Structure formats: C-alpha cells, structure tokens
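Comments concern the structure below.
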Protein chains: 2
Amino acid sequence: MPRRNAPSSIIRRLPVYLRILDNLIKKDVEIISSRTLSSQTGFTAEQIRKDLAFFGAFGTRGTGYNAVYLREKLLKIIGLDKETNVIVVGAGDMGKAFGRYNITKNPYIRVVGMFDVNPEEIGKEVEDLIIEKLDKIPEVIKKYNVRVAILTVPAREAQSVVDQLINEGITAILNFAPTKINVPDTVHVHNTDLTIDLQSLIYYTSTEEKTLI
Amino acid sequence: MPRRNAPSSIIRRLPVYLRILDNLIKKDVEIISSRTLSSQTGFTAEQIRKDLAFFGAFGTRGTGYNAVYLREKLLKIIGLDKETNVIVVGAGDMGKAFGRYNITKNPYIRVVGMFDVNPEEIGKEVEDLIIEKLDKIPEVIKKYNVRVAILTVPAREAQSVVDQLINEGITAILNFAPTKINVPDTVHVHNTDLTIDLQSLIYYTSTEEKTLI
DNA sequence: CTGTGTGAAGGAGTTCACAGCG
DNA sequence: CGCTGTGAACTCCTTCACACAG
C-alpha cells in the first residue's frame, strides 16, 4: 500500500490517529475532520491530511473522513488487521508491568510469553502468563509466530539476549534496557530509556531557571 | 551557557554521552575521541562534535576530549550538577517499577515521593518510599523543591492530575499515560507510550513481509 | 462554501569537507 | 599528522497556500 518507504515520523503518528478514532467511534461519531483530529492530537490539520494522503485519498472533500473506514485503513496500513503476538523478555518490575497492565487492555496486541533468567522468578504467574526460562523462547516464537519482543533486561545482558532473539526470528524490538543494542538492518529497534528521558527533561527545568534570572 | 535555545535533538543525546563517559571513566579512560563516542552511541562522530561544540570548545585538537572534564561540562549543561528530586504519580505496576528499579540506581536523580488515588495502595511501601494520597503532593514538592513528575496514571485521570501538578509548581512531566496532556508553554512534557511504540514497530514487521513477497 | 489533497516554500537538523590547532 | 571545530551543501519534514471536489 505505501507508495514508497514511509517516513518514520508518519508511522509514529498513525497509532495516535487510530486511538482517537477508536474513542470517537465508541461515541458513535461517523465523520471526522482533520481539524478534529488536530485538536485531539496536537498535530496540525495539514500534517494529518498529508500523513493520510501519503497512503491514499481516504477522505471526502467538503465533508471529512468516515471514521470506521479510516480506522480500517489505518489498521491495515499499520498491520493490526491481524492479531499480533509479542513476548516480554525480562520479568523485572518493568516487564511485569507490561505483561499485565498495558498490553492486555489493548485489543490488537497480545503478550504470549514472559521470560527471565532469574531461577526465583521462573514459574511465577503474571496475569495469565507463567514466567519461563529463556530457553523456552524458540518454542513460544514458533507456536505463536512471534516477531516482536519487549526487552526489559538489565543493560549488561541486553546484547546477548538480543542476539538470541534475532537468531530465533524476532524482527522488531522494543528496548527498555538502558544501553545501545546492535542489530542487523533487517531488525527494527525502538529505544525507550527512562534515564535519558528524565535527564533531558531536567535540562529544561534548569535552563528555565537560568533564563528567569 | 547555551548560546541560543538548544535543539531538542541535541538535548536528547547529551545524556547518552554522559552515560558512556561514566562507564569509560570507571575504566580509567582519560581521553576520549568523537570516534570512540560514535562507536559506542551509534551517532556519527561529526554529529557528536557539533553537539558538544554547540555549548563550547571542550576538546583538544589532535587529541580528543578529556573524559572527566567533558563529564563535568555535560553535568552542568544538563543541570545534573545538583541533585534533582522527582515524584511518581500513579503507583500502579509501572509507577512502582520506576519507584524502585530504574531510578534508585541513578546517581543524579532521586525519587522523593510516590502517590496514588487508590485507598488500598496508600501506605504500602515501595523500596524506601510510602505510597501517599495525592493531596500530600504539595507538601512533598515544597519540602524537596520538586520540579519533575513521572506520570503513570490511567489516561482518563491524566489531565486533571497534570493540572494539579502544574498548579503546585511542577515544570516538567514524563508522561506514561496513553493520552495527550495539555500544558502551558512553560511546562515541558515528554511522552512515552507503549502502545504507540509497539504499534509503530508492528508496521515494520508487516511491511517487511510485504516487501519479501 | 466546506474540508480534502498537494505542489511549492520554508525550516530544522544532519552530513560533508576542510580549515585550524595541538 | 590527528582530531576538533565549523561554514556550506544537502536532506528530510513541516507549513503554507491554494486548487479541487462534494
């Protein structure tokens, strides 16, 4: 469907549109304009139209976008029209949080496995999952056709775990380990690093004080 | 110290440099080149030099950067030369994870309070913190001069909590609630949204399969 | 006359190529 | 001669302005 490689900046906004659409459809909204999407997302209306137009002309001039139709298009573009299974590697506090809290409430994505090295953690239940040893990963990947992994292991273990995961067929990694991980071009990584995020926020609090003086 | 408003893209890389420097200094490395930083961070050497040069000439031509000196400069630029206190609002799994796991190990940042609305959670201990009611926030903010909050409440509560926090003096928010929050220009927000991150990753796994066909 | 779709202009950040200094 | 520091070229995205369709 994409005419050429879509800019990652667009790709990161699509799920935002999808979420707004889901909410509005629940409220029986049928038609939605780029202006409405703009006020709910904070992106400009022009940008939203450009983003959507990148994948095709989904709207009706003078009217707006049909919410249900646009939602279906977005699902297809993102790849959420079929269920996606993911695994969580690293069953620390953070991993457990993802295992139960965030994802189970998401209609499109399902956590099908949770893994850790720590023998004390093995066998513990997190929601409907049982924490297993890392060497069970290949089995689960095969059974559920998993391509996406959430990585919440300590920094020093990250690279070796990543190497294993890639070897076993993972092609996308959501990395919460506070370190750079090396992957081949075929694998996509998104890094989220609390320390980096916090420290860069602190920059703004301190410069604000400076400029006020 | 910044000559003009620093681009946020630079600001987000500074903590990465800092982390590498900390690691290298522990190994008694004294001089470090932009090339070394490049291989450890994945950013290009030119970019790293530009980033650092934005704040001043910290290196020595022909040699490189003095690790300890550069670290001190970075601490000062980011605002980590003095201890920064933060609070966590929302003591769900995610909030608890941040309360104990990630931040207590960070030498520059200290979590000084953890808050929730749920009466069942109040009084529970997380590491050396006791979960308190939201109305205790002003007290803690005053006592510890807090400017930064980590927000891990459900989406529907986010905006009202944010309004309170800003009212009480918070100027920077690390937002984990899966929703857009509205703040005045004086307040900085960084959004981290697991669902958005996962869904955009999934885009790449599905397009990869398409292009292989 | 409303709201989408889009070429053109503009802006922000990155890469290049090299000057400058130890 | 090595590695930093930096103007200039370039690339990518965003904003603007308007044509176009209902």
Side-chain angles (χ1 to χ4, degrees), chain A residues 1-14 16-17 20-21 24 29-74 77 196 200 203-204, chain B residues 1-17 20-21 24 29-74 77 200 203-204:
Chain A
M1 187 175 292
R3 286 172 278 208
R4 49 188 170 95
N5 270 349
S8 61
S9 49
I10 294 185
I11 299 310
R12 288 196 54 75
R13 285 190 293 267
L14 298 182
V16 182
Y17 305 147
I20 307 289
L21 284 171
L24 291 176
V29 174
E30 287 178 8
I31 301 293
I32 182 170
S33 69
S34 59
R35 233 202 170 105
T36 316
L37 279 170
S38 172
S39 75
Q40 300 226 18
T41 58
F43 309 133
T44 67
E46 300 89 320
Q47 187 169 55
I48 292 167
R49 293 202 299 277
K50 265 248 153 87
D51 285 355
L52 300 177
F54 183 90
F55 299 97
F58 302 142
T60 310
R61 299 189 185 209
T63 312
Y65 300 89
N66 177 296
V68 171
Y69 178 73
L70 182 56
R71 175 179 167 277
E72 264 162 34
K73 285 294 182 186
L74 284 176
I77 292 166
I196 303 288
S200 36
Y203 168 84
Y204 294 104
Chain B
M1 187 173 291
R3 284 172 277 208
R4 49 188 170 91
N5 270 348
S8 61
S9 49
I10 294 185
I11 299 309
R12 288 196 54 76
R13 286 189 292 265
L14 298 182
V16 181
Y17 305 146
I20 307 290
L21 284 171
L24 291 177
V29 174
E30 287 177 11
I31 300 294
I32 183 171
S33 70
S34 59
R35 229 197 173 110
T36 315
L37 279 169
S38 172
S39 75
Q40 301 227 17
T41 59
F43 309 132
T44 66
E46 300 89 320
Q47 187 168 54
I48 293 167
R49 293 201 299 277
K50 265 246 153 86
D51 285 355
L52 299 177
F54 182 90
F55 298 97
F58 301 141
T60 309
R61 299 188 188 210
T63 312
Y65 300 89
N66 177 296
V68 171
Y69 177 73
L70 182 57
R71 175 178 169 277
E72 265 163 33
K73 285 294 181 186
L74 284 176
I77 293 166
S200 36
Y203 169 83
Y204 293 104

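Note that the coordinates shown come from a computational prediction; the quantities given were computed from them, not determined experimentally. Here is the naming used below: chain letters follow the sequence lines, and residue numbers restart at 1 for every chain.
The shortest distance between the side-chain N/O atoms of B:Tyr65 and the OP1/OP2 oxygens of C:dG22 is not below 4.0 Å. Considering only side-chain N and O atoms, A:Ser34 lies under 4.0 angstrom from the phosphate OP1 or OP2 of C:dT4. Note on A:Arg61: every side-chain N or O is 4.0 Å or more away from OP1 and OP2 of C:dT6.
Atom CG in A:Leu70 sits roughly 11 Å away from atom P in C:dT4 (whole-Å rounding). Spacing between atom CZ of B:Arg35 and atom P of D:dT4 amounts to 10 Å, rounded to whole angstrom units. To the nearest angstrom, P of C:dT6 lies 13 Å from CD1 of A:Ile10. In this structure, B:Asp51 places its CG atom 11 Å from P of C:dG13, rounding to the nearest Å. B:Phe58 has its CZ atom 17 Å from the P atom of C:dG22, to the nearest Å. In this structure, CZ of B:Arg12 is placed 14 Å from P of C:dG13, rounded to the nearest angstrom. As rounded to whole Å, 15 Å separates atom C1' of C:dG3 from atom CG of A:Asn66. D:dC3 atom P lies 17 Å from atom CD of B:Glu30, rounded to whole Å.
Residues B:Phe55 and B:Leu14 form a side-chain contact, since some pair of their non-hydrogen atoms from C-beta on lies under 4.5 Å apart. Using a 4.5 Å cut-off on side-chain heavy atoms (C-beta onward), B:Tyr17 and B:Thr41 make contact. Two residues are said to be in side-chain contact when any heavy atoms from C-beta on lie closer than 4.5 Å; A:Glu30 and A:Asn66 fail this criterion.
Closest approach of B:Val29 to B:Ile31, counting heavy atoms only: CG1-O, 3.4 Å.
Of the possible polar contacts, none joining the B:Ser34 side chain to the B:Arg49 backbone as a donor-acceptor pair under 3.5 Å is found.
Interface residues of residues 38-50 of chain B facing DNA chain D, ordered by number: B:Arg49, B:Lys50; criterion, heavy-atom separation under 4.0 Å.
When the nucleotides C:dT14, D:dC13, C:dG13 are ranked by their closest atom to the side chain of B:Pro7, C:dG13 comes out on top. Between C:dT14, C:dT6, D:dT14, one nucleotide has an atom nearer to the side chain of A:Ala53 than all others, and that is C:dT6.
For the atom pair A:Gln40 CD and A:Leu21 CG, the distance stands at 9.5 Å (nearest 0.5 Å).
Partners of A:Thr60 according to the side chain to side chain contact (heavy atoms under 4.5 Å, CB included) rule, which considers only residues two or more places apart in sequence or in another chain, are A:Thr63.
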